[in-house]
Amino acid sequence: MPGQPLPRERGDALLDDCTLNSLLRRGVSEIIVEQEFVELLRSGKSLRLKMGFDPSRPDIHLGHVVGLRKLRRLQELGHKVILIVGDWTAQIGDPSGESVTRPMLTHQEVMANAESYMTQFFKIVDRDRTETILQSEWFGKFNLATVIDLTRRFTLAQFLERDDFARRYQARRPIAITEFLYPLLQAYDSVAIRSDVEFGGTDQKFNLLVGRDLQSMMGQRPQQCFLMPLLVGTDGVQKMSKSLGNYVAVDDAPKEMFGKVMSIGDGLMLNYFDLLTDAPPEEIEEMRRATSEGSVNPMELKKRLAAEITAQFHPAKAVEEARRHFERTVQGREAPEEAPEVRYEVLGEVCVVRSDGVHGEEARREAPIQGGLVATADLIWAAGLAKSKSEAKRLLAQSAVEIDEARHTGASVALRNGAVIRVGRRRYARLVEMDRRP
RNA sequence: GGAGGGGUGGGUGAGUGGUUUAAACCACCAGACUGUAAAUCUGGCGCUCGAAAGGGCUUCGCAGGUUCGAAUCCUGCCCCCUCCA
């Protein structure tokens, strides 16, 4: 139940062995230092849990959710999340992505991105137990002297230990000097907010450790580093990331979310159950057995997974709709209950089509009409179902086009108000003549 | 400052004058199959004109040049890497 405020009582009593065990094991890659972390939890003190984000990438996907769920659990135990808006680090670019130099963001853009990030963030994490701070609160006061003081504390050799840097250096790829500043700034954040525990994916290990070191250099108790496994993306190979296009966004519409989860390989399913749902371990074990025995259809399990994940971000009704939509269009190969509408009007020899297009932008395109028939490829392109006319022709040749549930390969077709065009498995458009509803 | 190496399609990466819209692999798209948008197999994967056959244009960091013809040769510029100082 996302967004629901939590009961206020502190949770020493809640910290039984079972809770603790799941906290330390499930969806965790490594805790540095685990023993200290457990002691902190048991101390009854409300901990300051640090989580940073880069406002140049305001999108949250399931890969982030693994960690956010963990934060939520800890909030339930009475701890507090400190969310840092990385308005300075964003200007450097996290070296782990091997990113190209990024354009500097204006303050306005940063705030807009932060806003959008937070509405997604608070779908999982409790807003009332979160404090949000901008890095500029402390870095705004920095000057060259402070920066020099910071850089003096670490050596090149130490930084080249970092996996990303080491690999790039070995591969003779460029590393900008500013990139060395990234871990330093992130580390200083920990000092500034007196972090008790910092959270991040395993690729953040180095940055988190620098924070730990810097805190102790500056006379603070070093933070614990809580590292979470990187979620494998829908391609089943690489980590989930927006730039690789293998992600399921927290903001995805229910149908899309459900479908994307269904598209993961069967082998990835149990991993997702483990990291992204509350399914008890015994049940996951049971699923593992059932699938390897072949006594259950993996598709049924995956539907359950898709439903459970979608339900974390959408109302139950929408989840049911998404499931029906999937069963209808993908399994049943039928037209969806409602295809997106594309408006058209006939003006003499051309058919003018207005659509939002497959790529989002509003477009007004024309397809020629001859003897009452429209050129099919042009129509598909005009309706935004193909990127170019060439692509539309290719799709036609590959018999990927259906009009009113009948395969269509002809070069031209009669225009009909209310006709449903389908291209491939997922692209649909319903033709609606302007000022007339079917 | 000096010496050398390199920049190829969304990615990795072949290709050193013509058969190159550029191998191969990945990603992606489509079809077949499947009670999954899994897996597997097959095909496709610059734009444009054409019903089609086929034609035109555009592409190998950027800009010029040599040549009947250039990703490939020459010149200048930009960027990256290595070594020396």
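Throughout, a chain's letter reflects where its sequence line sits, starting with A, and its residues are numbered from 1.
Atom CG of Leu395(A) and atom C1' of rC28(B) are 12 Å apart (whole Å). Atom NZ in Lys387(A) sits roughly 9 Å away from atom P in rC29(B) (whole-Å rounding). Put simply, CD on Glu391(A) is 10 Å from P on rU48(B), counting in whole angstrom units. Per the geometry, CD1 belonging to Ile177(A) stands 10 Å off P belonging to rC81(B), to the nearest Å. A straight line from NE2 of His408(A) to P of rA30(B) spans 18 Å, rounded to a whole angstrom. For Arg426(A) and rG31(B), the CZ to P distance is 11 Å, given to the nearest whole Å. Rounded to whole angstrom, the span from the CE atom of Met299(A) across to the P atom of rC33(B) amounts to 17 Å. Lys303(A) has its NZ atom 14 Å from the P atom of rA38(B), to the nearest Å.
Toward the 5' end of RNA chain B, the nearer of the two residues Val330(A) and Tyr169(A), judged by each one's closest nucleotide, is Val330(A). Annotation: of the two residues near RNA chain B, Ile175(A) and Ser390(A), the 5′-most nearest-nucleotide partner is Ser390(A).
Of the candidate nucleotides rG31(B), rA37(B), rA51(B), rA37(B) has the atom lying nearest to any side-chain atom of Ser263(A). Listed nucleotides rA38(B), rA37(B), rC29(B) differ in distance to Asp266(A); the shortest reach to its side chain belongs to rA38(B). Listed candidates were rA37(B), rC29(B), rG35(B). Nearest to the side chain of Asn297(A) is rG35(B). Of the candidates rU36(B), rU48(B), rA32(B), rU48(B) carries the atom nearest the Lys389(A) side chain, counting heavy atoms from C-beta on. Of the candidates rU48(B), rG31(B), rU82(B), rG31(B) carries the atom nearest the Arg425(A) side chain, counting heavy atoms from C-beta on.
Taking atom C1' on both nucleotides, rC47(B) is separated from rU34(B) by 37 Å, rounded to a whole Å. With P as the reference atom, rG76(B) and rA3(B) are 14 Å apart, rounded to whole Å. The C1' atoms of rC60(B) and rA14(B) are separated by 12 Å, rounded to the nearest whole Å. For the C1' atoms, the distance from rG15(B) to rU48(B) is 28 Å, rounded to whole Å. Atom C1' of rA71(B) sits at a distance of 8 Å from the matching atom of rA22(B), rounded to the whole Å. The C1' atoms of rC68(B) and rC62(B) are separated by 27 Å, rounded to the nearest whole Å. Spacing of P atoms, rU72(B) relative to rU19(B), comes out at 14 Å, to the nearest Å. For the C1' atom pair drawn from rG43(B) and rG17(B), the interatomic distance equals 34 Å after rounding to whole Å.
For rU82(B), the paired base is rA3(B) (Watson-Crick or G-U wobble, both distances below 3.5 Å). Across all strands shown, rC28(B) is found opposite rG44(B) as a Watson-Crick or G-U wobble partner, with both distances under 3.5 Å. Under the Watson-Crick and G-U wobble criteria, each requiring two contacts below 3.5 Å, nucleotide rU67(B) is left unpaired. With a 3.5 Å ceiling on both atom-pair distances, rU36(B) lacks any Watson-Crick or G-U wobble partner.
In this structure, Arg328(A) does not reach the rA37(B) phosphate: none of its side-chain N or O atoms is under 4.0 Å from OP1 or OP2. Contact annotation: Arg394(A) side-chain N/O to rG43(B) OP1/OP2 distance is not under 4.0 Å. Under 4.0 angstrom from either OP1 or OP2 of rU48(B) there lies at least one side-chain N or O belonging to Ser388(A).
Glu334(A) and Thr329(A) are not linked by any side-chain donor-acceptor pair at a separation below 3.5 angstrom, with hydrogens and angles left out of the test. Ser116(A) and Asn113(A) are not linked by any side-chain donor-acceptor pair at a separation below 3.5 angstrom, with hydrogens and angles left out of the test. Under 3.5 Å, the side chains of Ser195(A) and Gln223(A) contain a donor-acceptor pair of N or O atoms.
Between the side chain of Gln398(A) and the base of rG43(B) there is at least one donor-acceptor pair of N/O atoms closer than 3.5 Å. On a pure distance criterion of 3.5 Å, a polar donor-acceptor pair joins the side chain of Lys302(A) and the base of rU36(B).
Nucleic acid contact for Gly259(A): base, since at least one base atom lies under 4.0 Å from a heavy atom of the residue. Residue-level contact check: Leu268(A) touches neither bases nor backbone, having no heavy atom under 4.0 Å from any strand. Contacts of Arg407(A) with the nucleic acid, taken as non-hydrogen atoms under 4.0 Å apart, involve only primed sugar atoms and P, OP1 or OP2.
For Leu347(A), the CG atom counts as densely surrounded, since its 6.0 Å shell holds more than 12 non-hydrogen atoms of other residues, nucleotides or ligands. For Glu34(A), the CD atom is densely surrounded, since the number of other residues' heavy atoms within 6.0 Å is greater than 12.
Between Asp278(A) and Arg69(A) there is a salt bridge, since a side-chain N of the basic residue sits under 4.0 Å from a carboxylate O of the acidic one. Ion pairing between a basic and an acidic side chain is recognised when a charged N comes within 4.0 Å of a carboxylate O; Arg323(A) and Glu327(A) show such pairing.
Proximity of Arg304(A) to Phe273(A): side-chain heavy atoms (C-beta onward) are separated by under 4.5 Å at one or more points.
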